[in-house]
Structures are given as structure tokens and as C-alpha cells.
Amino acid sequence: MTEAVASAGYPTWGARYVWGGFWDALHAEWTKLRTLASTWWLLLAAAALTVVVSAAVAAAYRCSPGAGGGCTPAATGADPAKISLTGVYLGQVIVALLAVLAVGGEYGTGMIRVTLAATPRRLTVLAAKTVVVTGWALVAGLASVAGSLLAGRLILPGHGLSAANGYVVPSLANGTDLRAFGGSVLYLVLIAVLALGVTTAVRDSAVAIGLVLGLLYLFTIVAGVIPNKDLSRHLEQIAPMTTGLYIQATEGVAALPLAPWQGLGVLALWAAGALLLGAAVLRLRDA
Amino acid sequence: MTVMTPPYRSELSSGRDGFGQLLHAEWTKFRTVRGWIIGLVIGLIAMAGLGLITAGGAQSSCQGQGGSARSGAACMPSFPLGPAGEPVNDSFYFVHQPLTGDGTITVRVTSMTGLLPSANAQPGSAGPASTGDTRPGLYPWAKAGIIIKENLNQGSAYAAMMVAADNGVRMQWNYTGDTPGQPGAVGPANPRWLRLTRSGDVITGYESADGTHWTQVGAVTLSGLPSAVQVGLFAASPQYTVKSQAFAGTGTIGLGPTQVTAVFDHVSGVGDAWTGADIGRPEDYPGFGDYHQAGGRFTVTGTGDIAPIPEGHGGDADSALTVSEFLVGTFAGLIALGVVAALFITAEYRRNLIRVTFAASPRRGRVLAAKAVVVAAVSFVVGVLGAAAGVLLGTAIAHARGYYVFPVSGATEVKVIIGTGLFAAVAAVLALAIGAIVRRGAAAVAIVIVAIAVPIFLAISAALPLGAADWVLRVTPAAGIALQQAYTQYGQVAGVIYSPLSGYYPLSWWAGLLVMCAWAAAALAGAAYLLRRRDA
């Protein structure tokens with residue numbers, strides 16, 4: 001008898017608080033996301049925008065020889081993998097928007113009160129949302145990056161970045177390219193988590209997307225233009241987009257302020273921080 | 001007996017529904033939302049602040065003569081200034097004599113040969129004359145010809161007729177002026193005749209292939225040219241630079257001076273008392289130039305250039321600050337303004353205020369127009385204030401700290417400041433139209449940032465290869481950034497990468513404005529159509 005009462009009472013913190021009824025919450029979140037038309041459109045838009053921009057940049061590339069002459073890697077410094085992945089700069093906006101709307105949409109319509117009435121364990125709701133959005137971003141990322149890889153493989157060799165000139169044609173068969181392309185998928189997933197956390201904290205879609213994109217682009221611009229080299233380098237070691245995209249580098253890796261995986265780690269810290277902030281706000285504030 | 005009661009009429013006079021009232025209503029809505037005013041202030045602070053951080057935080061280091069490390073203001077270049085106040089290169093070998101009053105000089109150029117740094121030369125080598133580490137060859141913009149120059153000081157007014165190694169006959173004057181004549185290289189089989197005639201302030205340049213049939217290349221007025229000037233033969237060959245176009249490291253590497261040797265004969269119209277002078281040779285540099293006269297034949301050897309120094313030119317000019325750098329905050333300001341402008345209409349949908357608005361003013365197109373006028377006016381003011389603060393305060397701060405700011409004329413400053421206002425205004429109208437089309441705040445903000453801010457980011461952050469960066473600033477709404485063009489591209493100066501990264505945009509200011517307005521007009525038309533067609 002006493003045992004039954006104890007298990008029926010809601011724990012207010014700890015692992016059981018989060019995971020209690022997790023599968024039901026996950027199922028609910030999946031249903032909510034899947035039945036929105038915008039989710040599918042955004043998935044399509046993310047992949048299309050990334051691939052189109054990557055292909056356009058690859059097609060616009062012109063080998064312009066530098067000091068040594070010729071189109072060799074030493075003369076141009078060009079990085080075929082990074083060029084193939086340029087579309088990620090834009091695709092991430094759609095991925096972030098998808099994550100923002102998954103939370104912000106509920107606050108906009110008042111749906112969040114129904115959700116929290118149905119699943120009073122708030123961290124469970126957040127965990128379920130994170131898993132669903134992460135999965136969706138993973139799908140979007142895989143589609144975007146696979147398309148970009150294909151575009152790079154098909155287009156770049158015709159624009160001077162060919163194996164004959166000494167370049168590595170983008171391929172998953174070699175380790176650095178696998179890191180660049182696979183890492184870009186992880187990058188997009190982390191951007192989604194970051195956006196999810198920020199939106200849970202500010203609870204308004206428009207403000208959240210503005211904040212997330214400002215954080216990504218503005219931080220990078222500020223770090224780039226600060227004419228003080230030491231300060232600039234320090235900022236480039238913490239700016240989420242700059243560091244996160246170090247993972248795309250296959251040329252000149254040694255000259256980067258951080259190693260590629262360290263860079264992605266910095267973005268992961270940002271994402272974790274945003275998610276923690278979101279969890280705290282969700283837990284402590286009335287909906 | 002029936003009682004006729006008159007139909008009821010309100011005793012209140014009917015309200016006016018002119019555009020002025022609508023404008024007043026929209027302005028009231030705008031100014032009374034605290035978040036939007038805060039957004040504008042953030043935009044203004046970001047716009048001016050980033051530029052001021054650039055001006056206030058600049059730190060440069062360089063190697064002094066003898067390898068001692070220097071930093072800060074000690075690295076700042078001091079360029080000679082041309083007649084219009086622009087920084088110029090003015091160093092060449094000049095075989096000259098005085099000319100008083102009007103006169104003419106005629107020569108024939110029969111050959112041009114030269115020296116380049118050898119293929120394995122290291123950056124910063126002292127040059128062909130001193131090291132001997134050279135190979136024969138002509139730099140494409142090596143120049144030789146005749147010149148009429150105000151005096152022997154650097155930066156003084158001049159007009160010249162010349163042959164440029166790969167760029168044919170040209171008339172150039174006062175550093176920035178450049179008119180092409182006959183193309184083709186010079187050699188013993190195809191000599192070039194050149195003539196300069198001074199008549200008052202007007203100097204006319206002619207060329208000829210045979211010395212009898214003359215073609216006028218150009219006539220220029222050098223106002224205020226004194227009666228006594230210097231006239232003579234010159235030779236100049238610029239620094240050898242190669243372009244390094246890696247993604248983040250786009251720039252030029254100087255590989256040392258080059259040298260040109262030109263042979264002249266049939267010199268006529270002037271006396272015989274010639275003097276040779278190395279114009280603009282630094283005191284601690286060996287002279288690279290020389291001349292020999294044998295009979296009527298002059299062999300003149302020279303190094304240097306007579307040309308404007310564009311912003312972004314390699315070497316010393318790299319450590320200079322630029323007005324473009326003080327405007328980098330525009331990017332941040334546009335994000336803030338775009339968000340506010342988009343929310344100005346999406347918030348009405350969110351709160352259902354749009355129904356009240358349309359009930360009060362059923363002409364929906366006019367509501368959109370009134371909103372556009374309000375956001376455009378507000379954004380124009382923010383843009384002008386932000387740019388003025390960035391440019392004027394930034395320049396003042398940099399000067400106060402002893403830094404060199406690449407000079408621009410007052411007219412250019414005004415053009416850039418007003419241009420930033422227009423850029424912001426059109427961007428805000430575009431953002432409003434996008435908001436009216438998608439009706440959702442988050443989607444509108446994302447589209448606005450992708451359409452306006454991300455292209456600028458991609459172009460100026462070296463994320464794109466050069467060609468792609470130029471195309472992004474030609475076709476996207478971010479083309480309006482051409483309104484901020486502060487410096488001029490000079491086709492006659494080699495060794496400069498005219499890229500968005502160094503503040504050179506691919507469109508002229510009016511073309512950029514046109515592209516951006518086309519986007520805004522299309523979006524506004526789409527928004528007006530959808531507003532009429534859809535239920536609110």
C-alpha cells in the first residue's frame with residue numbers, strides 16, 4: 001500500500017523525474033512534430049538550400065593561381081571539402097528555425113499548457129523534444145551534407161580542383177573528408193539543440209531565431225573584424241559558428257586556432273549550456 | 001396621422017481617412033511598443049559600436065628597418081598626397097629640364113626591357129639592383145614615356161604620355177586619370193611616337209606610329225599649373241606582387257621591386273640641358289634609376305610607380321585603417337532593423353490587432369504603404385546616425401590614437417553615410433514585406449536574415465571564393481551594400497585584390513540600390529496582393 005502511494009506521487013527532481021513516462025512523451029512529441037506541415041517543408045528547404053548553395057559556390061569557383069603559378073593546392077590553398085560544404089552556412093538557418101518552431105510554436109499558440117498538463121514532468125517534455133528535434137535535424141543534416149558531397153564530387157573537378165592537379169576530390173573514403181562531412185551533420189544537429197535551448201529559455205519564436213542567428217553570424221563577424229590579433233584569436237576560439245565549422249577544414253588544419261574536434265566541442269558546450277538554461281527556465285517559470 | 005422621424009445620425013463628425021491619419025496611426029503603434037524602440041537602440045549601438053571598437057582596438061605590429069619589432073602608430077605609413085588629397089605613389093626616374101610657358105615635347109620609344117625578381121625570390125628582398133637575384137622580364141604595368149610635372153616634389157600635378165608594357169599607349173594625369181590609346185607592346189619593329197603639348201593649363205597628349213600621322217589621346221586641364229614646370233623622360237616599374245587567394249588569407253605578397261629600361265630617340269621640342277633624378281627614392285635605399293645619353297639616343301632605367309595607392313594595396317597600406325572597417329557594424333544593425341520591421345506586421349497577426357487595423361482602414365494596400373513609410377523613415381534615421389557615428393567618430397578616434405586612416409573626401413563621407421541610411425531603409429521595407437507575406441514572426445525573421453544579412457556575412461567573412469562573393473553581392477538584396485563603397489577601384493594599379501573583403505563591392509552604388517529596390521518592390525507587390533486576397 002505504502003509502496004503504491006510512493007510510486008504514484010510525482011518526484012520533483014532527479015532521474016526519475018526526467019525519465020518517468022519518457023516513452024509516452026517521446027511518442028507525443030513525435031506525433032506533434034510529424035503532423036505539422038511546416039516540419040516537412042522545413043526539412044525539404046534545409047536540404048534544398050544547402051545543396052543549391054553548395055553547388056552554386058562550387059560552380060562559381062575559379063582556380064586563381066597564386067605565387068607558384070598553376071592550380072596546385074600549394075598555389076591556391078583551396079579546400080575542396082570546405083567549398084562543397086558552403087551551403088551549411090545557409091542550411092543551418094532552416095535547421096535552427098525547425099528547432100525554434102518545435103518549442104516556440106507551442107508557446108505562440110498556448111499549446112504548451114496542454115502539453116504540460118498532459119505531462120507535468122517538464123524536464124521529461126524537454127528531453128523528449130530534444131530527442132525528436134535531434135533526430136529530425138540528423139535527417140535534415142544527412143540529406144543536406146550528402147547532396148553537398150555529391151555536388152562537390154561532380155562539379156569541383158571540372159573547375160580545376162581535380163585529382164590531376166593534386167587535390168583530394170571529396171569522398172567519404174578518406175579520413176579527413178569523412179571528418180568534414182560527418183562533422184557537418186553533427187554541426188547541424190548541435191545547432192538544432194542550441195536553438196531548442198534558446199527558444200525554451202526565451203519562449204518566443206521570433207526573438208529566439210533572431211538571438212540564435214545573431215549569436216552565430218554576429219559573433220563570427222565581430223571576432224573577424226577586431227583588429228587586435230590576440231583578442232580576435234580568443235574570440236575565434238569561442239564563437240560557436242566559427243569553431244563549429246573548423247570541422248569542415250581539410251587544408252591548413254594546423255593553422256586553425258583550435259583542432260577540428262575541439263572546435264565542434266566548443267559548439268557542443270554552447271548547445272549544452274543553452275539546453276541547461278532552457279531546462280532551468282522551463283522548470284522554474286510558469287508556462 | 002403619421003409622425004415622420006428623421007433617420008438617426010450620429011452627432012460626431014465623420015473621421016477623416018486620408019493617408020496622413022493612417023501614417024499617424026502606424027507611427028503611434030510603432031513608437032509605443034517598447035521592445036521595438038529597444039530593438040532600434042540596439043541596432044544603432046551595434047552599428048556604430050562595432051566600428052568604434054575597430055577604431056579604438058586597432059593594434060598593428062610590423063618590422064622596422066633592421067628587423068626591430070615595432071607596433072601601433074609607429075607602423076603607420078605616410079604616403080605622399082596627390083593634388084586631390086588622395087594617397088599616391090610617386091617614385092620614378094626622371095630625366096628632366098625646366099619648361100617655362102607653353103611648349104611641346106616629342107619622342108620616339110623604341111624598346112622596353114626589364115628585370116623581375118627571380119622565381120624563388122623571398123618577400124621583402126631589396127630588389128633587382130642590389131641582389132642580382134633577378135630574371136629578365138617586364139612587369140605588366142611598367143611604364144616609360146614623357147611627362148610634364150609641376151615640380152620635382154612627390155604628389156605634384158602632372159600629365160604624361162607613356163607606353164605601358166602590356167597595356168599599350170596611355171595618357172595619365174594627376175595619378176587617378178587614365179585614358180588608353182593604341183594597344184600593343186613596343187619594340188624596334190613597332191616603335192611608338194609620343195607628344196605632349198602644354199597650352200596654358202591644358203595639356204594635350206598625342207601618339208603616332210610613324211611620327212607624321214598623329215592621333216590625340218586626350219586633353220586634360222591641370223588647373224593652377226605654374227608657368228615654370230619640369231618636362232622630360234621617365235621610367236617606372238611597380239613592386240612585383242603576387243595574389244594569394246586562399247580562403248581566409250586573400251591578399252597580396254610583395255616580392256620586391258622591378259625595373260624597366262626604355263630607349264628613346266628623336267627627342268625634339270626641348271633644349272639639351274638634361275638632369276637625371278630619382279624621384280621619391282627613400283634616403284636609405286640605393287638608387288635604382290639611371291640614364292645614358294649617346295647622340296640623340298636616351299636610355300632611361302627606373303623603378304617605382306606614378307599611380308594612386310588604392311586601399312588594400314599590399315605593403316605599408318595594409319596597416320592603415322579604412323572607413324569601410326568603421327562601417328562593419330551595418331551588418332549587425334541590419335539584423336536588428338530587419339527583425340523590428342518584420343515584427344511590425346507579424347506581431348499584429350499574432351495579437352489579432354490586424355483585424356482591428358483593417359476594420360478601421362479597409363484599404364489594405366494603404367495600410368501596408370503606411371507601415372512601409374514608417375519603417376523606412378525610422379531605419380533611414382538609424383542608418384544615417386549609425387554610419388555617421390561610425391565614420392566620423394571612428395576616424396576621430398583612430399587619428400587621436402595616431403593611426404593612419406585611408407583618406408576619403410568629405411563628399412564621399414556624406415555619400416557613404418546617406419547611402420547607409422538608404423540601405424537600411426530599403427532593407428527594412430523588404431523585411432516588412434516578407435513579414436506581411438509569411439505572417440509568422442520566426443519565419444519572417446529567418447528569411448530576412450537569410451536574404452539580407454547572411455549574403456553580407458558570406459561576402460565579407462572570406463567564407464566564399466572570390467568570384468562567388470562578387471556574385472552574392474550582385475544578385476541578392478545585399479547588393480545595396482554598394483552604397484557604402486568608400487574607395488575607388490583603379491584598373492591601372494596592379495597587385496590589388498578588389499574584393500568585398502577589402503571594401504570593394506562589385507556594383508556601382510546606383511546599380512546596388514536598384515537591385516535592392518527591385519527585391520523590395522517585388523516583395524511589397526507580393527505582400528499587397530496577398531493582403532487583399534487573403535482573410536486577415
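All chains are named by letter (A, B, ...) in the order of the sequence lines, taking the proteins before the strands, and each is independently numbered beginning at 1. No hydrogens, no waters, no symmetry mates; every other heavy atom, side chains included, goes into these values.
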- prompt: Where on B/L458 is there a heavy atom nearer than 4.5 Å to chain A: the side chain, the backbone, both, or neither?
  reply: side chain
message: Side chains of A/T250 and A/T176: any donor to acceptor distance under 3.5 Å?
response: no
- prompt: Hey, are the side chains of B/V41 and B/I45 touching, using non-hydrogen atoms and a 4.5 Å cut-off?
  reply: yes
field: Segment of A/L213 engaging chain B (4.5 angstrom heavy-atom cut-off)
entry: side chain
task: Name the option with the most non-hydrogen atom pairs under 4.5 Å to chain A; the candidates are B/G329, B/A442, B/G441, B/A332.
output: B/A442
message: Can you tell me which of A/L90, A/V212, A/I221, A/V57 forms the most heavy-atom pairs within a distance under 4.5 Å of chain B?
response: A/I221
- prompt: When you check the side-chain N and O atoms of A/E236 and A/Y246, is any donor under 3.5 Å from an acceptor?
  reply: no
task: Before giving the answer on side chain to side chain contact (heavy atoms under 4.5 Å, CB included), spell out for A/L156 and A/S84 the whole-Å C-alpha distance, their side-chain angles and the decisive distance to 0.1 Å.
output: CA-CA 8 Å; A/L156 282 178; A/S84 308; 3.4 Å; yes
field: 4.5 Å side-chain heavy-atom contact, A/Y217 and A/V93
entry: yes
task: Determine the option with the most heavy-atom pairs under 4.5 angstrom with chain A, choosing from B/V454, B/V339, B/I335.
output: B/V454
task: With chain A as the partner chain, list the residues of residues 342-352 of chain B whose heavy atoms fall under 4.5 Å from it, by residue number, and write 'none' if nothing qualifies.
output: B/L343, B/R350
query: Among side-chain atoms of B/Q239 and B/T258, is any donor-acceptor pair under 3.5 angstrom?
result: no
query: Does any donor atom in the side chain of A/S184 or A/Q248 lie under 3.5 Å from an acceptor atom in the other side chain?
result: yes
field: Atom CZ of B/R440: over 12 foreign heavy atoms under 6.0 Å
entry: no
